[in-house]
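Let me begin by presenting the structure, written as structure tokens, before commenting on it.
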Amino acid sequence: MDKFTKLSGVAAPMPLVNIDTDMIIPKQFLKTIKRSGLGANLFDEMRFNQDGSEIPEFVLNQPAYREAKILVAGDNFGCGSSREHAPWALADFGIRCVISTSFADIFFNNCFKNGILPIVLPQEEVDKLMDDAQRGANAVVSVDLESQTITGPDGGEISFDVDPFKKDCLLNGLDDIGLTMKKAEAIDTFEARYEAQAPWA
Amino acid sequence: MSNPKTLYDKIWDAHLVHEEADGTSLLYIDRHLVHEVTSPQAFEGLRMAGRKVRAPEKTVAVPDHNVPTSLDRAKGIDDEMSRIQVEALEKNAKDFGITYYGVDDVRQGIVHIIGPELGWTLPGMTIVCGDSHTATHGAFGALAHGIGTSEVEHVLATQTLIQKKSKNMKAQINGALSEYVTAKDITLSIIGATGTAGGTGHVIEYMGEAIEALSMEGRMTVCNMAIEGGARAGLIAPDQKTFDYVMGREHAPKGAAYEAAVAYWKTLFTDDGAHFDKEIILHADDIAPVVTWGTSPEDVLPITATVPAASDFEGGKVDAAARSLDYMGLKPGTRLQDVAIDTVFIGSCTNGRIEDLREVAKVMEGRKVKDGIRAMIVPGSGLVRAQAEDEGIAQKLQEAGFDWRMAGCSMCLGMNPDQLKPGERCASTSNRNFEGRQGRGGRTHLLSPAMAAAAAITGRLTDVRDL
Ligand code: SF4
């Protein structure tokens, strides 16, 4: 998995609440059997007209935000479908951090497995970063996972919480499966006991 | 009781393999359901790492999202990408020794319908699937999570899932539902009350007289949409109805094993005095047949209401509501019952079970689908379809003007050819009204099967009680 340590880049504002994973990557792009290449269709129906031309008002089509690495988003980002294609598309586009007041659980988990850091902040702080993000190319925000701080374009610092296990996995690019495989013995022991208890399962 | 536990606590404790000091836990998984859309990359990952599926006998695969629902589908899938995805699942199932139900098997259907139907889903289990509506299986008192593809790979390789315990939430529905108020109206009304993020970080246990009175089908409808309320899972304590439903199903325990299982399943309830972090209590009398007007499942109103204005909301919801109204092509103040529809879709893992089809047949008795309305019924599984044919429902519905199709997800998300065209408006028994969900530019109104039937008859959103 890709590591995440520090990130510095333009933050794009998406104040809409309840941005669902169908919006992030519509179903017609779920037919792939690969993880890569989905960035081209990130937010497809919001970003492109049906003839494939860009919708100029959409934030990631505006010159200042075409290279955005961070999204500042409205409440409940990533709700709906469990599709991991959503974080795959974000990462492939180059977005490695999403900041909101809240995330849907499955999307939140999926981010960590793909080197994306989702950050939950209180409303006032998201509002402040949203204002910062509105400033276009000047909206450069830095995120430091080690020290758990965000530095805004004016140098103001905001600290954030992150689950220690998930932080460790991101910082070191650790593969969950490898970690769990090391506990094979505990799983074997559990299975033996459980089989006796609940043979029907 | 010294240490009262919730149902969630009990299932969690019974499956805990390992817990770190910070609460990060390894949970044992009893059943892993797999479909074609969210699994190819997981199997690819296993192959690349030279790993096996740890417990193929606990893993079940079925294609549902991409499969055509036309009667001639045995001739194959036209869309190349869809075909490749379905073929990949079949090959992966074979290579890794997993049970697979192809489209030529009568047991094929939507993953969340066939799990319970075939007895793969049992009370007290942990069940996962790379699909958010895995919550459906919670109706059996099973802890059922939707997971991402990386987690699918993790479960395939280790039969465990890394989890932190969620909080407990209680949703209690007191009293009895009136006629034509259904499980769908309960679950939508709860989301309307809590919002789509109301359950975030929680496992919801549904309880109360109205829930106990529901059939297993109705309970599945309620739990199915727990995810639309943001919850990690939905749960309902198993009872005699649950045990009766399970009995005799293909993969359920039989004889003495069944008796032993029931004895254990009877311990699966929330103890008196157990702690819930959050509670919502509704009274069944206050629940009416509802429909959604917007593009979030929380945009719910009784059918007797009018379309709201963006200014009726607060905060970030003002812009979201304005966007929804524009997308849906609705004017504030319009009576919901005056909204004309083009299409009716009856099906999905929310409402594609036999009871739903019986409900539709009941409303359609002596009535017809209005001319010009496209009305389709997509049974949730081949077995549901066969049962409806045995009961004579299928014939009646076809005579009433419905298109009677083969099993699959179909227009719930339109990954197969069943889609809405831009601007088309659909009365749908599915679970998501997101922008573009049923086809780019398509407009979805979520409602119950009875309400969908009423809309098919009149060609507009209709209060089924007025027919
Ligand atoms: S019926 Fe709809 S919600 Fe259910 S699994 Fe299929 S696509 Fe998902």
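All values below were derived from every heavy atom in this structure, side-chain atoms included, with hydrogens, water molecules and symmetry-related copies excluded.
- No donor-acceptor pair closer than 3.5 Å links the side chain of B:Tyr264 to the backbone N or O of A:Gln197.
- Per-residue heavy-atom pair counts under 4.5 Å with chain A were compared for B:Thr134, B:Leu413, B:Asp319, and the maximum is reached by B:Leu413.
- Contact count versus chain B (heavy atoms, under 4.5 Å) is highest, among A:Leu179, A:Leu30, A:Leu16, A:Thr21, for A:Leu30.
- Both the backbone and the side chain of A:Thr32 come within contact range of chain B, judged by heavy atoms closer than 4.5 Å.
- Proximity to chain A involves both the backbone and the side chain of B:Ser150, based on heavy atoms less than 4.5 angstrom apart.
- In terms of modelled atom types and a separation under 3.5 Å, the side chain of A:Trp200 and the main chain of B:Pro253 share no donor-acceptor contact.
- Heavy-atom distances place both the backbone and the side chain of B:Ser82 under 4.5 Å from chain A.
- Between A:Lys128 and A:Asp132 there is a salt bridge, with a side-chain nitrogen of the basic residue lying less than 4.0 Å from a carboxylate oxygen of the acidic one.
- The 12-atom threshold is exceeded at CD of B:Glu57, counting heavy atoms of other residues, nucleotides or ligands nearer than 6.0 Å.
- B:Glu44 has no carboxylate O lying under 4.0 Å from a charged side-chain N of A:Arg35, or vice versa, which leaves the two without a salt bridge.
- The closest side-chain heavy-atom distance from B:Gln85 to B:Pro40 is below 4.5 Å.
- Of the two parts of A:Lys183, only the side chain, counted from C-beta on, holds a non-hydrogen atom closer than 4.5 Å to a non-hydrogen atom of chain B.
- For A:Asp188, the parts sitting under 4.5 Å from any heavy atom of chain B are the backbone and the side chain alike.
- Between A:Asp176 and A:Lys166 there is no salt bridge, since no side-chain N of the basic residue sits under 4.0 Å from a carboxylate O of the acidic one.
- B:Asn433 places a side-chain N or O within donor-acceptor distance of the main-chain N or O of B:Gly294, the cut-off being under 3.5 Å.
- Per-residue heavy-atom pair counts under 4.5 Å with chain A were compared for B:Glu228, B:Lys317, B:Glu151, and the maximum is reached by B:Glu151.
- Of the possible donor and acceptor atoms, one in the side chain of A:Asp92 sits under 3.5 Å from a partner among the backbone N and O of A:Leu38.
- Of residues 53-62 of chain A, no residue lies under 4.5 Å from chain B by any heavy-atom pair.
- For chain A, the nearby part of B:Glu20 is the side chain; its heavy atoms alone come within less than 4.5 Å.
- A:Ile187 touches chain B through backbone and side chain together, each having a heavy atom under 4.5 Å away.
- Annotation: maximal heavy-atom pairing with chain A below 4.5 Å, among B:Lys58, B:Glu298, B:Glu153, B:Arg54, occurs at B:Arg54.
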